[in-house]
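Below: one structure, written as structure tokens.
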Number of protein chains: 2
Amino acid sequence: MKINTKVELGIVALADIAIHSEEGKAVRSSDIAQRQNISHKYLEQILLILRQGKFVRSHKGIHGGYHLSRPANKILLCDILNTLDNNILANMYEKNDEQPDGIRASVNNCLWSNLNSYMRQFIEKMTLEDLIKEYKQGLAEEQNYMYYI
Amino acid sequence: MKINTKVELGIVALADIAIHSEEGKAVRSSDIAQRQNISHKYLEQILLILRQGKFVRSHKGIHGGYHLSRPANKILLCDILNTLDNNILANMYEKNDEQPDGIRASVNNCLWSNLNSYMRQFIEKMTLEDLIKEYKQGLAEEQNYMYYI
DNA sequence: CTATTCCATAGTATAATGGTAGGAATTGAA
DNA sequence: TTCAATTCCTACCATTATACTATGGAATAG
């Protein structure tokens, strides 16, 4: 499945903010852009959406930047996805101009609706914290590896 | 998730062929188009893809048309999907120009790859026959309903 | 030989995607 | 008060994908 860049980069940006937040300090968009190798101006647009979706709070000016609006374990992946792309978890085709007992409707129910529900099961469980954990664990394993050489 | 019309209509067309095949008779594209309310010429393009993917065989001429190239329970949904849209089950982003231990890679592994595998689990089990069963069952229930009134 | 059917390619209008660009607004520090 | 750093907001644009329409050719049964 093709994931568009807004969704992909938005989640990466949130993860970056979560990982690089230090007490009291906001994370600058230019730093995120540099670390994650994203166009700064494009990232700003994505952060705008994330702010409007209440995932981050922002602060202007010389020591400005972004921080999470709530703890990472309270930020659900499915909410992020819905905010960044309202199609990705939307049920495939709503347009029910055909008779509800036709083949098309049957395929819709048996295949697309069920697939959609199935995907939701996966995504509704996950939080931003789960993603970060994975990353930190990766780092830790790497350090252990270095240590034991 | 947004499903494009080629995928949607292609599956519907296959289901229609499976349902309306009678012994020895091919199903005409014009009949499918009329029953399923699809543009005939567009449907022909889709049937072309399905033929190239070896899901149907075709026969030209006055009594021509399409029939399944093998029993419906041997036609896997995932194969149809891959033929009609090579993105739908493809792993989200391959482009690994970033360092493999970065946040982006971590999100890829933990989220997109896993979600993709999860979707596959659902779709790899299903055959065209399963879809048709659902439809026929719907019909049967409807008839029972009529019967018991 | 002709009607019927599939086969194949070209064109096209619309929308989505993936950005770039420019500057206004706000803030904090000197 | 001024200035630099930062977010905020909108407009624009090039490319690609989508969802068809259109046209005509090729094969085949009768």
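Every chain is numbered from 1, with letters handed out A, B, ... down the list of sequences.
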Q | Interatomic distance where CG belongs to B:Leu43 and P belongs to D:dC20 [whole Å] | A | 12 Å
Q. Just how far, in rounded Å, is C1' of D:dA17 from CD1 of B:Ile88?
A. 15 Å
Check whether any side-chain heavy atom of [X] sits under 4.5 Å from a side-chain heavy atom of [Y], and report yes or no.
X        : Y       : value
B:Tyr66  : B:Arg28 : no
B:Trp112 : A:Ile3  : yes
B:Leu84  : B:Leu50 : yes

Q: Could you tell me from which nucleotide to which nucleotide of DNA chain C, 5' to 3', there is an atom under 4.0 Å from chain B heavy atoms?
A: C:dT4 to C:dA10
Q) Quick one: CG on A:Leu111 to CG on B:Asp130, what's the gap to the nearest 0.5 Å? A) 10.5 Å
Q) From A:Ile19 CD1 over to A:Arg35 CZ, what is the distance, rounded to the nearest 0.5 angstrom? A) 9.0 Å
Q: Measure from the side-chain N and O atoms of B:Ser21 to the backbone N and O of B:Ile17, and report whether any donor-acceptor pair falls under 3.5 Å.
A: yes
Q: Report yes or no: does A:Ser69 contribute a side-chain atom to a donor-acceptor pair with the main-chain N or O of A:Lys54 at less than 3.5 Å?
A: yes
(Q) Within residues 13-22 of chain A, which residues have any heavy atom lying less than 4.0 Å from an atom of DNA chain D? (A) none
Q: For the pair A:Asn114 and A:Asn109, evaluate side-chain hydrogen bond (donor to acceptor under 3.5 Å, both in side chains) and give the outcome as yes or no after the intermediate values.
A: CA-CA 7 Å; A:Asn114 284 345; A:Asn109 292 332; over 6 Å; no
Q: Using a 4.0 Å heavy-atom cut-off, write out nucleotides 7-13 of chain D from 5' to 3' as B (base contacted by protein), S (sugar-phosphate only) or - (no contact).
A: BBS-B--
**Q.** Verdict with supporting geometry, B:Leu89 and A:Met1, side-chain contact (heavy atoms from CB on, under 4.5 Å)
**A.** CA-CA 5 Å; B:Leu89 287 178; A:Met1 189 168 58; over 6 Å; no
Q.
When you measure from the side-chain N and O atoms of B:His63 to the phosphate of D:dG30, is any distance below 4.0 Å, counting only OP1 and OP2?
A. yes
Q) Between B:Arg104 and A:Glu8, is the closest basic N to carboxylate O distance under 4.0 Å? A) yes
